[in-house]
Amino acid sequence: MDDKLPTGSRTRPTAAPPTGSAPPPAPERLMSDEGFRSIDRMWSAYRGRFTGGMSPTAVAMALYDWSMHLASAPGKQLEVLAKANRKAARLLTHTAAAAFNRDAPPCIEPLPGDYRFVSEAWKRQPFRLWAQAFLLQQQWWHNLTHDVPGVTPHHEDMVSFGARQVLDVFAPSNNPFTNPEVIDKTVASGGMNFVQGFENWREDVNRLTTGQPPVGTENFVVGKDVAVTPGKVVYRNELIELIQYAPATAAVFAEPVLIVPAWIMKYYILDLSPHNSLIRYLVSKGHTVFCISWRNPTAEDRDLTLDDYRRLGVMAALDAVGAIVPDRKVHATGYCLGGTLLAIAAASMGCRGDARLASLTLFAAQTDFTEPGELALFIDHSQMHYLASMMWNRGYLSADQMAGAFQLLRSNDLVWSRLVREYLMGERQPMTDLMAWNADSTRMPYRMHAEYLQRLYLDNELAASRFIVEGRPAALQNIHVPIFAVGTERDHVAPWRSVYKIHYLCSDTDITFVLTSGGHNAGIVSEPGRPRRRYRIAVKRSAHLCRGADEWATSAEVKPGSWWVEWVEWLAARSTTKQAPPPAMGGAAKGYRPLEDAPGSYVLQR
């Protein structure tokens, strides 16, 4: 029973007192070490309710580090003072030129992806002056918070991110009195935009407080409007449902495709509407497709581990696919966290001589977390304690906590532009299937997510070959099957340069790397026929020299259109000849009989 006690609560057994002796004295420790830790966790979890999950200690340490080093850097102080004077002179020069020439070039351009001031209305004065002054001020604060001698890079990033968030609050685009688009709308509608905006706000607040999804999601019902590719649930355990999709062609490739989506999202991002469903596209090209649908965990699942997700998820699905389609290797495909978990499973299989994989495909999935992007702003040892305490208290990481962090990373697009459009302009953005999917959130079990953040983000065990699976390190060097990896240009969750590091970790196999336009989700859901899509692609053979990410980007071939076509051709080239599809779904004789129609039950859990 001792091995089931919580860490820190084990005590050394003591000998029984002699017969007839007095009772032993009360122990000196009235509470176990775990009890003291519980007090700390409860206190941190309580404070987290008022800080949005951010650690005040982490923020204070970052501000202290930056401010003290800035105070002791007279050279940096003189530099930012000189830059302030130059920016003021640029603004004055531009203002004078614009007074006589409306088409005078701006003195500063917005950063890529910043579309707040692109409207023609912002070319009128004084709005143009306000926009230019704001952009110069934004640039100056970037100078002030970067390259301060001695500041820890993580603290520098935190201070810069915080300064950007504060500046965005006071951007002229967010003020109805300094936004020309809002003013024009108010004049044209006689102020009805504010009336409609108030109605939009009232409706949103009502839906939020009553637990209803956002407006428009009712038009994208799972199983009716999205996730409608025909299939059957052929296996179910306490963590996953495995869906097998019905063949759509007279002949299919012998090797099946197994998709492992991230458990942070519902699987049907890869099976949205019929026109942009990657699963439907694969089936239409003659592939037998299986996909995992993760169960939405509750507080009762708090002790699920990362290895449980590997065993009950990836490995259980592989066992089922192997029984249903026997004697065939599998094209394993992972998306985001599911791709990282699949890489762990593949590495573990490689070191044990398990040769069931035909290939490995990773969509926006990281295997090296030394440069995880802006998401690392919310992950350090102080923040980890805070977040783990909140998860410990509730048993899971709630969807609203995750959504808040992701929205802050793109606050201009996901927060402020939406508030201006819907509450000041009084306009509703039409709901799309991808937006409706994004609102269909999931939870993360306490122990699993704490392990994931600690072992991968903080300790980077996978890249260092220190991630132990069943007593052996899951070394990525043991993956010898061909790899197809996809990164997206505007990914804030898994930056493409971080995804590219698979080249440095799997040197003994061929790696086809694709860099596609779009972000973490829209770059993956990139169906053929979608306008303004492009991608870069290059193959690194096992015998080739490994290049850096930027060198790869300049030399890779640029192609218009969807990378889906490229991937399907890659899979076909690594599959054997087509044959007639199985006469029935599942494998009833081997215990994998169809249980219900796709999309199953787990995806409907709230």
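Note: Phe484 and Trp567 have tilted aromatic rings, judged against thresholds of 30 and 60 degrees for the angle between ring planes. Taking the six-membered ring where tryptophan is involved, the planes of Phe513 and Tyr500 are perpendicular, since the angle between them exceeds 60° and thus also 30°. In this structure, Tyr452 and Phe369 have perpendicular ring planes: the angle between them is above 60°, well past the 30° mark. Between His331 and His287, the ring planes lie perpendicular to each other; the angle is over 60°, past the 30° to 60° tilted range.
Between the side chain of Ser160 and the main chain of Asp157, no donor-acceptor pair closer than 3.5 Å is present. With Asp308 contributing its side chain and Thr305 its backbone, the two residues share a donor-acceptor pair below 3.5 Å. For the pair Ser575 (side chain) and Leu571 (backbone), a donor-acceptor distance under 3.5 Å is present. Arg547 places no side-chain N or O within 3.5 Å of a backbone atom of Trp552 that could act as its donor or acceptor partner. Thr554 places a side-chain N or O within 3.5 Å of a backbone atom of Glu551 that can act as its donor or acceptor partner. Arg310 places no side-chain N or O within 3.5 Å of a backbone atom of Met315 that could act as its donor or acceptor partner. A distance-only check finds no donor-acceptor pair linking the side chain of Ser348 to the backbone of Ala474 [under 3.5 Å]. Ser359 contributes no side-chain N or O that, together with a main-chain N or O of Ile483, makes up a donor-acceptor pair within less than 3.5 Å. Judged by distance alone, with hydrogens and angles left aside, the side-chain atoms of Trp294 form a donor-acceptor pair with the main-chain N or O of Pro261 at under 3.5 Å. No donor-acceptor pair closer than 3.5 Å links the side chain of Ser465 to the backbone N or O of Pro473.
Side-chain contact between Phe290 and Ile324 is present, with at least one heavy-atom pair separated by less than 4.5 Å. Contact annotation: the side chain of Val330 never approaches that of Val257 to less than 4.5 Å [non-hydrogen atoms, C-beta and beyond]. Residues Thr367 and Leu476 form a side-chain contact, since some pair of their non-hydrogen atoms from C-beta on lies under 4.5 Å apart. No side-chain heavy atom of Thr288 sits under 4.5 Å from any side-chain heavy atom of Phe253. Looking at Leu239 and Tyr309, their side chains come closer than 4.5 Å, going by heavy atoms from C-beta outward. Side-chain contact between Trp570 and Thr361 is present, with heavy atoms from C-beta onward closer than 4.5 Å. Residues Pro297 and Arg302 are not in side-chain contact: their nearest non-hydrogen atoms beyond the backbone lie 4.5 Å or more apart. Side-chain atoms of Asn276 and Asp433, non-hydrogen and from C-beta on, do get closer than 4.5 Å to each other.
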CA sep, side-chain torsions, deciding dist, call: Arg574, Glu255, salt bridge (charged side-chain N to carboxylate O under 4.0 Å, His left out): CA-CA 9 Å; Arg574 287 153 184 82; Glu255 291 77 12; over 6 Å; no
Full working for side chain to side chain contact (heavy atoms under 4.5 Å, CB included) between Leu278 and Val525: CA-CA 7 Å; Leu278 177 57; Val525 184; over 6 Å; no
Salt bridge (charged side-chain N to carboxylate O under 4.0 Å, His left out) between Lys540 and Asp510, intermediate numbers included: CA-CA 6 Å; Lys540 177 199 169 293; Asp510 294 347; over 6 Å; no
Stepwise salt bridge (charged side-chain N to carboxylate O under 4.0 Å, His left out) check, Glu470 with Arg311: CA-CA 11 Å; Glu470 297 179 354; Arg311 290 187 305 102; 5.9 Å; no
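Within the model, atoms NE2 of His154 and CG of Asp380 stand 3.5 Å from one another, a figure rounded to the nearest 0.5 Å. With values rounded to the nearest 0.5 angstrom, Leu306 atom CG is found 5.5 Å from Ile344 atom CD1. Note that OG1 of Thr516 and CH2 of Trp496 are 12.5 Å apart. Values are rounded to the nearest 0.5 Å. Atom-to-atom distance recorded for Cys336:SG and Leu362:CG is 11.5 Å, nearest 0.5 angstrom. To the nearest 0.5 Å, atom CG of residue Leu111 and atom CG of residue Asp114 are 6.5 Å apart. How far CZ of Arg466 is from CG of Asp459: 6.0 Å, rounded to the nearest 0.5 Å.
In summary, Arg164 and Asp168 do not engage in a salt bridge, as defined by a charged side-chain N under 4.0 Å from a carboxylate O. A salt bridge between Arg447 and Asp301 is absent, with no side-chain N of the basic residue lying under 4.0 Å from a carboxylate O of the acidic one. Salt-bridge formation is not detected for the pair Glu527/Arg533: no Lys NZ or Arg NE/NH1/NH2 atom is positioned less than 4.0 Å from an Asp or Glu carboxylate oxygen. Ion pairing between Asp354 and Arg356 holds under the 4.0 Å rule for side-chain N and carboxylate O.
The minimum heavy-atom distance between Met585 and Ala246, with the atom names listed, is CE-N, 3.6 Å. Of all heavy-atom pairs between Met435 and Pro430, the closest is SD-O, 3.8 Å. Taking both residues in full, the closest heavy atoms of Ala436 and Tyr268 are given as O-OH, 4.3 Å, listed atom of the first, atom of the second, then distance. Pairing each heavy atom of Ala522 with each of Arg530, the nearest pair is O-NH1, 3.8 Å.
When the salt bridge (charged side-chain N to carboxylate O under 4.0 Å, His left out) test is applied to Arg236, the partners found at least two apart in sequence or on another chain are Glu241, Glu596.
Listed by first and then second residue, the salt bridge (Lys or Arg N to Asp or Glu O under 4.0 Å) pairs that reach into residues 577-595 come to none, sequence neighbours excluded.
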